[in-house]
Novice: 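A single structure is presented below for examination.
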Amino acid sequence: MSYRDADVIVAGGGPVGLAAAIEARLAGLSVIVVEPREGPVDKACGEGLMPGALPLLARLGVDPDGMPLAGVSYRDGARRVDHLFETGPGRGVRRTALHSALAARAVEAGVTVLERRVESVEQDATGVSTADLRGSWLLGCDGLHSTVRSAAGMARGAPERLRRYGIRRHAEMEPWGDLVEVYWTPRAEVYITPVAPRLVGVAVLGPAGTDFDAAIASVPELARRLDGVTWATARRGAGPFRQRARRVRDGRVLLIGDASGYVDAITGEGLRLGFDHARAAVASLVGDVDYEREWRRVSRDFRSLTSGLVTAASGPLRAGIVPLAARAPRLFGAIVERLAR
Ligand SMILES: Cc1cc2nc3c(=O)[nH]c(=O)nc-3n(C[C@H](O)[C@H](O)[C@H](O)COP(=O)(O)OP(=O)(O)OC[C@H]3O[C@@H](n4cnc5c(N)ncnc54)[C@H](O)[C@@H]3O)c2cc1C
């Protein structure tokens, strides 16, 4: 048998990498996570865990602190449409709280975490070498701009059009509701997510050049609420969102979460999907699950609904999105439910 440091090397100790590492330990595999940043790792994110993310975390023994999210509310100047989740609440969770909860559980489960960065990937018939380590498999969980995806030759160029970005920060104040509020302005969307008893997440999504303060100022209701507020965190940005992979498995290298390709944060998705990828990837290592097929199955709704919404939001149909949702609340609710589960 050839030498190896662990059965599984996980590149990236973000939420999806840590979830994959715990999954692999629970399946009886030895695991090393390679993460260059010291924890708890923060990231630009709307921080809304959809209801479907909570059972995926619970089966790993992870139950992060946060605020219940009863549903989603779309608003423009004149209209508002709310949908309450049918399967129970989601949760607003600060990324640092999510990271701490996953990291503690990973250590408890016997995962080794090394402070390193993946720069290159080489695989042969018996294993994969990366970051001065050798494993039987490499799980690429290194996010939107994945090094594993490009180093393993699995990257695919993303179209230049519809390039969108996100910026977030946190207002130190009592949350005023339990819905994820999405304010549609002519150019950008502003997401409000309660994440802790005195912390409200504010995320702005839009095309290149979107200005955080200008987006808030363009929504009188929000400008009033956030006037003079103390900002607890600095602005943090991410993007462009759209990233693609030619394939999500190549031999002993599997791409998981944002590293496997991402569409957009417009539907408040990413974490639930990544946890589902992690579950499927580890099942494929220890059983007869076909990862590519299972990845396509669990990603289908996110990819089609999110792509459709981004296309509509980036053209002349944009102004009609909230009016349509308000006129057809059942359709709006059905779409939210498809993404929430
Ligand atoms: C503005 C915004 C709002 C969003 N809102 C939501 C939301 O409300 N709900 C939701 O579910 N999702 C949301 N998302 C999406 C969500 O943030 C991502 O889907 C999620 O973070 C993906 O997790 P991940 O672990 O795959 O990647 P990441 O969280 O990006 O983690 C990747 C990790 O890999 C590490 N890494 C990077 N390069 C290397 C390397 N070379 N070697 C080793 N490690 C490396 C990084 O340091 C990082 O810790 C939002 C995204 C944005 C940008």
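In listed order, ligands and their atoms are each counted from 1. We use all heavy atoms of the structure for the numbers below, so side chains are in, but hydrogens, waters and symmetry mates are not.
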Novice: Indicate yes or no for a side-chain donor-acceptor contact from Arg169 to the backbone of Thr233 under 3.5 Å, with no hydrogens or angles considered.
Specialist: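 Side chain of Arg169 to backbone of Thr233: a pair is present.
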
Novice: Just by distance, do the side chain of Gln243 and the backbone of Tyr262 share a donor-acceptor pair under 3.5 Å?
Specialist: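 No: the side chain of Gln243 does not pair with the backbone of Tyr262.
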
Novice: For Arg168, is the nearest heavy atom under 4.0 Å from an atom of ligand 1?
Specialist: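 Under 4.0 Å: no for Arg168.
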
Novice: Do any side-chain atoms of residues 102-114 form donor-acceptor pairs under 3.5 angstrom with protein atoms, and if so which ones, sequence neighbours left out?
Specialist:
{"unit_1": "Arg105", "atom_1": "NE", "unit_2": "Leu60", "atom_2": "O", "d": "2.7"}
{"unit_1": "Arg105", "atom_1": "NH1", "unit_2": "Glu108", "atom_2": "OE2", "d": "2.7"}

Novice: Tell me whether the rings of Tyr74 and Phe332 are parallel (<30°), tilted (30 to 60°) or perpendicular (>60°).
Specialist: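 If you compare the ring of Tyr74 with that of Phe332, the planes turn out tilted.
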
Novice: Under 3.5 Å, N or O to N or O, is Thr147 touching ligand 1 that way?
Specialist: yes

Novice: Heavy-atom pairs closer than 4.0 Å: do any link ligand 1 to the side chain of Arg95, the backbone, both, or neither?
Specialist: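 The answer is the side chain of Arg95.
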
Novice: With distance as the sole criterion, is a donor-acceptor pair present between the side chains of Arg134 and Thr126 under 3.5 Å?
Specialist: yes

Novice: Answer with yes or no whether Gly268 contacts ligand 1, where contact means a heavy atom under 4.0 Å from a ligand atom.
Specialist: yes

Novice: At a 4.0 Å cut-off, with the gap strictly under it, does some heavy atom of His145 reach an atom of ligand 1?
Specialist: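 No, His145 has no heavy atoms under 4.0 Å from ligand 1.
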
Novice: Among protein heavy atoms, which lies nearest atom 15 (C) of ligand 1, and at what distance?
Specialist: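 Protein heavy atom with the smallest distance to atom 15 (C) of ligand 1: Tyr262 OH, 3.3 Å.
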
Novice: Determine whether a donor-acceptor pair (N or O, by modelled atom type, separation under 3.5 Å) exists between the side chain of Thr193 and the backbone of Gly46.
Specialist: yes

Novice: Would you call Arg117 and Asp142 a salt bridge, using N to O less than 4.0 angstrom?
Specialist: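 Not counted as a salt bridge, because no side-chain N and carboxylate O are separated by less than 4.0 Å.
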
Novice: For ligand 1, which atoms have a heavy atom of Glu47 less than 4.0 angstrom away?
Specialist: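 This gives 7 (C), 8 (O) as the contact atoms.
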
Novice: Tyr165: heavy atom below 4.0 Å from ligand 1, yes or no?
Specialist: no

Novice: Going by an N to O cut-off under 4.0 Å, is there a salt bridge joining Arg318 and Glu189?
Specialist: yes

Novice: Please confirm whether Pro36 approaches ligand 1 to less than 4.0 Å, judged on its heavy atoms.
Specialist: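 Pro36: in contact with ligand 1 (<4.0 Å).
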
Novice: Which option, Gly48, Gly17, Ala53, owns the non-hydrogen atom nearest atom 8 (O) of ligand 1?
Specialist: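 Selected option, by shortest heavy-atom distance: Gly48.
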
Novice: If you count the atoms of ligand 1 from 1 in the order shown, which ones are under 4.0 Å from a heavy atom of Phe241?
Specialist: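 Near Phe241, the atoms of ligand 1 are 52 (C), 53 (C).
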
Novice: If you have a sec, work out which protein heavy atom is nearest atom 41 (N) of ligand 1 and how many Å separate them, to one decimal?
Specialist: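 Going atom by atom, the protein heavy atom closest to atom 41 (N) of ligand 1 ends up being Val118 O, 3.0 Å.
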
Novice: Provide the number and element of each atom of ligand 1 under 4.0 Å from a heavy atom of Arg37.
Specialist: 47 (O)

Novice: Counting only heavy atoms not in Arg338, do more than 12 fall under 6.0 Å of its CZ?
Specialist: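 It does not: Arg338 CZ has 12 such atoms or fewer within range.
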
Novice: Considering only heavy atoms of Val34, which atoms of ligand 1 have at least one such atom less than 4.0 Å away?
Specialist: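 What qualifies from ligand 1 is 43 (C), 44 (N).
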
Novice: Checking Tyr291 side chain against Leu285 main chain: does a donor-acceptor pair fall under 3.5 Å?
Specialist: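 No, the answer is negative, given that no donor and acceptor are paired below the 3.5 Å cut-off.
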
Novice: Taking NZ, NE, NH1 and NH2 as the nitrogens, is one of them in Arg79 or Asp76 under 4.0 Å from a carboxylate oxygen of the other?
Specialist: yes

Novice: Which residue from Gly46, Ala11, Gly39 reaches closest to atom 6 (C) of ligand 1 through any of its heavy atoms?
Specialist: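 Ranked by closest heavy atom to atom 6 (C) of ligand 1, first place is Gly46.
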
Novice: In terms of residue, atom name and distance, what is the protein heavy atom nearest to atom 27 (O) of ligand 1?
Specialist: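 Ranking protein heavy atoms by distance from atom 27 (O) of ligand 1, first comes Gly143 CA, 3.6 Å.
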
Novice: If you have a sec, work out which protein heavy atom is nearest atom 12 (N) of ligand 1 and how many Å separate them, to one decimal?
Specialist: Glu269 O, 3.2 Å

Novice: Is the backbone N or O of Ser284 less than 3.5 Å from a side-chain atom of Glu294, with the two atoms forming a donor-acceptor pair by type?
Specialist: no

Novice: How about Ser299 and Leu273: do any of their side-chain heavy atoms sit closer than 4.5 Å?
Specialist: yes

Novice: One thing to verify: whether Arg341 and Glu86 come together as a salt bridge, which I'm taking to mean a side-chain N less than 4.0 angstrom from a carboxylate O.
Specialist: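 Salt bridge present between Glu86 and Arg341.
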
Novice: Considering only heavy atoms of Leu205, which atoms of ligand 1 have at least one such atom less than 4.0 Å away?
Specialist: 1 (C)

Novice: Tell me which protein heavy atom sits closest to atom 37 (C) of ligand 1, plus the residue, atom name and distance to 0.1 Å.
Specialist: Asp142 O, 3.5 Å

Novice: Between Arg297 and Asp290, is there a salt bridge with N-O shorter than 4.0 Å?
Specialist: no

Novice: List ligand 1 atoms under 4.0 Å from Arg117, heavy atoms only on the residue side.
Specialist: 40 (C), 41 (N), 42 (N)

Novice: Which is closest to atom 2 (C) of ligand 1 in terms of heavy atoms, Ala20, Gly166, Pro15, Cys45?
Specialist: Cys45

Novice: Could you list which atoms of ligand 1 come closer than 4.0 Å to a heavy atom of Cys141?
Specialist: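 Matching atoms, with element in brackets: 32 (C), 33 (C), 34 (O).
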
Novice: Could you tell me whether ligand 1 has any atom less than 4.0 Å away from a heavy atom of Tyr191?
Specialist: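 Contact check Tyr191 vs ligand 1: negative.
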
Novice: Mark yes or no for whether Arg149, through its side chain, and Ala259, through its backbone, hold a donor-acceptor pair below 3.5 Å.
Specialist: yes

Novice: If the cut-off is 4.0 Å to any non-hydrogen atom of Glu35, which atoms of ligand 1 fall inside it?
Specialist: 33 (C), 34 (O), 35 (C), 46 (C), 47 (O), 48 (C), 49 (O)

Novice: Just need the protein heavy atom nearest to atom 23 (O) of ligand 1, so name the residue and atom and give the distance.
Specialist: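 I find the closest protein heavy atom is Val16 CG2, 3.6 Å.
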
Novice: Nearest protein heavy atom to atom 28 (P) of ligand 1, by residue and atom, and its distance?
Specialist: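 Checking every protein heavy atom, the shortest distance to atom 28 (P) of ligand 1 gives Lys43 CD, 4.0 Å.
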
Novice: Decide yes or no for Pro207 and Tyr165: does some side-chain heavy atom of the first lie under 4.5 Å from some side-chain heavy atom of the second?
Specialist: no

Novice: Do any heavy atoms of Ala44 fall under 4.0 Å from ligand 1?
Specialist: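 Ala44: in contact with ligand 1 (<4.0 Å).
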
Novice: Considering non-hydrogen atoms of the protein only, which is the closest contact for atom 18 (C) of ligand 1, and what is the distance?
Specialist: Asp258 OD2, 3.3 Å

Novice: Say whether Leu271, considering both its backbone and side-chain N or O atoms, lies within less than 3.5 Å of an N or O atom on ligand 1.
Specialist: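 Yes; the residue has a nitrogen or oxygen that sits under 3.5 Å from a nitrogen or oxygen of the ligand.
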
